[in-house]
Amino acid sequence: MDGLEIERKFLVKKGGAFKSAAFSCSHIRQGYIPSEGATVRIRTRDDKAYITIKGKTDINAIARYEFEKEIEMSEAEALFKLCKGGFIDKHRYLVKSGDHTFEVDEFHGENDGLVMAEVELGSVEEAFEKPDFIGPEVSVDIHFRNAYMIKHPYSEWRDIVPEEYR
């Protein structure tokens, strides 16, 4: 996928209702290569690997340029050596809701206990149907960006999240 990424993020209610609603689950490991002016991510998702470059977010913090390319697993393993600050480890569940698919990430390691959902949209104004387990929007809060969580894991700031979402 190349082009503009428009994405909204939400907290997910405790209880795991998203798991029973999911039609797919995969394991993701990702790291970040230091870069000024862009985010460079290396990711493995089950048996596939990707390099992604994301530009800065717009004023609404939900839209930004994204370039993603599948790479060989051996290339990802080599690029992981360039990543700084550790890795994000999570399981991603895909949940259909209306015309959209929500990606629900259940984090592990130092980010254990955090569950977030995101939905990609065709425009900033596009309407979508939220599943019942979706909570408050956190799209503009830097705490909920994976690149931020590498340096400042959820275990350090979990108390800012309402109890029903941790």
> On the 0 to 90° scale, with breaks at 30° and 60°, tag the His100-Phe128 ring pair as parallel, tilted or perpendicular.
perpendicular
> Donor-acceptor pair, Glu126 side chain versus Gly122 backbone, under 3.5 Å?
yes
> Please tell me if the side chains of Val161 and Phe144 come closer than 4.5 Å, counting only heavy atoms from C-beta onward.
yes
> If you count heavy atoms of other groups shown closer than 6.0 angstrom to CD of Glu163, is the number above 12?
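For Glu163, atom CD is crowded (more than 12 foreign heavy atoms under 6.0 Å).
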> Stepwise, does the side chain to side chain contact (heavy atoms under 4.5 Å, CB included) test hold for Lys54 with Glu5?
CA-CA 9 Å; Lys54 294 185 178 193; Glu5 174 192 54; 3.3 Å; yes
> Using the rule given for ring-ring contact (aromatic ring centres under 6.0 Å, His included), can you reason through His143 versus His152, listing the C-alpha separation, both sets of side-chain angles and the distance that settles it, and then say yes or no?
CA-CA 8 Å; His143 289 92; His152 307 282; 8.3 Å; no
> Work out which heavy atom in Asn111 is nearest to a heavy atom in Pro153; give both atom names and the distance.
OD1-CA, 3.2 Å
> Heavy-atom count check: over 12 atoms from other residues, nucleotides or ligands less than 6.0 Å from Lys96 NZ?
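Yes, enclosed.
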> First locate atom CD1 of Ile33, then atom CD1 of Ile42, and finally report the distance between them rounded to the nearest 0.5 Å.
4.0 Å
> Would you tabulate the side-chain donor-acceptor contacts of residues 81-90 under 3.5 Å, counting partners in other chains and residues two or more places apart, or write 'none'?
from  : atom 1 : to     : atom 2 : distance (Å)
Asp89 : OD1    : His27  : NE2    : 2.4
Lys90 : NZ     : Asp105 : OD2    : 2.9
Lys90 : NZ     : Asn146 : OD1    : 3.2

> Think Arg43 forms a cation-pi with Phe80, using NZ or CZ under 6.0 Å from the six-ring centre and within 45 degrees of its axis?
no
> Taking side chain as C-beta onward, heavy atoms only, is Val119 less than 4.5 Å from Phe10?
yes
> Any salt bridge between Glu164 and Lys13, counting N to O under 4.0 Å?
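Looking at Lys13 together with Glu164, the answer is no, because their closest N to O distance does not fall below 4.0 Å.
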> Which pair of heavy atoms, one from Met116 and one from Val12, lies closest together, and at what distance?
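What the structure gives for the nearest pair is C-CG2, 3.7 Å.
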> In plain terms, say whether Glu137 and Lys9 are close enough for a salt bridge, that is, a side-chain N and a carboxylate O under 4.0 Å apart.
no
> Taking all atoms of both residues into account, what is the closest heavy-atom pair of Thr44 and Ala76, and its distance?
CG2-CB, 4.1 Å
> Might you point out which heavy atoms bring Ile6 and Ser123 nearest each other, and give the distance in Å?
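Result for this residue pair: CD1-CA, 3.6 Å.
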> Do Val104 and Pro131 have side-chain heavy atoms sitting under 4.5 Å apart?
no
> Any chance you could measure Tyr50, atom OH, to Glu68, atom CD, to the nearest 0.5 Å?
7.0 Å
> Between Arg64 and Glu7, is there a side-chain N and carboxylate O pair less than 4.0 Å apart?
no
> Kindly say whether Glu110 contributes a backbone atom to a donor-acceptor pair with the side chain of Ser155 at under 3.5 angstrom?
yes
> With side chains defined as the heavy atoms from C-beta onward, is the minimum distance between Phe133 and Val95 less than 4.5 Å?
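The answer is yes; the side chains approach within 4.5 Å.
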> I want to check something: taking the side chain as every heavy atom from C-beta on, are Phe18 and Val115 in contact at a cut-off of under 4.5 Å?
yes
> Would you name the heavy atoms of Ser97 and Glu129 that are closest together and state the gap between them?
OG-O, 2.5 Å
> Find the distance between SG (Cys25) and CD (Glu106) and round it off to the nearest 0.5 Å.
8.0 Å
> How many angstroms lie between CZ in Arg158 and CG in Asp112, if you round to the nearest 0.5 Å?
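Atom-to-atom, Arg158:CZ and Asp112:CG are 8.0 Å apart.
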> Looking at Glu118 and Arg8, is any side-chain nitrogen of the basic one under 4.0 Å from a carboxylate oxygen of the acidic one?
no
> Would you say Asp132 has more than 12 foreign heavy atoms packed within less than 6.0 Å of its CG?
no
> A side-chain contact here means heavy atoms from C-beta on lying under 4.5 Å apart; do Thr52 and Glu66 qualify?
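Heavy-atom side-chain distance check passes, below 4.5 Å.
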> Between Ser35 (side chain) and Val40 (backbone), is there a donor-acceptor pair under 3.5 Å?
no
> Report the residues that fulfil ring pair (Phe, Tyr, Trp, His ring centres under 6.0 Å) with Tyr154, sequence neighbours left out, ordered by chain and then residue number.
Trp157
> Kindly check if the number of other-residue, nucleotide or ligand heavy atoms within 6.0 Å of NZ (Lys151) is above 12?
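At most 12 heavy atoms, drawn from other residues, nucleotides or ligands, come within 6.0 Å of this atom.
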> Flag yes if Tyr93 and Leu11 sit in one hydrophobic cluster, no otherwise; membership is Ile, Leu, Val, Met, Phe, Trp, Tyr, and two members link when side-chain heavy atoms are under 4.5 Å apart.
no
> Please determine whether side chain to side chain contact (heavy atoms under 4.5 Å, CB included) holds for the pair Tyr65 and Lys56, giving the CA-CA distance in whole Å, both sets of side-chain angles, and the decisive distance to 0.1 Å.
CA-CA 7 Å; Tyr65 174 79; Lys56 292 185 177 184; over 6 Å; no
> Rounded to the nearest 0.5 Å, what separates atom OG1 in Thr101 from atom CZ in Phe23?
4.5 Å
> Could you see if Ile160 belongs to whatever hydrophobic cluster contains Val140? Use Ile, Leu, Val, Met, Phe, Trp, Tyr and a side-chain cutoff under 4.5 Å.
no
> Identify the two heavy atoms, one from Ser26 and one from Asp46, that lie closest to each other, and give their separation to 0.1 Å.
CB-OD2, 2.9 Å
> Taking atom CD1 of Ile28 and atom NZ of Lys48, what is their separation to the nearest 0.5 Å?
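Here the rounded value is 13.5 Å.
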> The test is side chain to side chain contact (heavy atoms under 4.5 Å, CB included); show your working for Arg166 and Asp159 and say whether it passes.
CA-CA 9 Å; Arg166 50 179 150 112; Asp159 291 341; 3.8 Å; yes
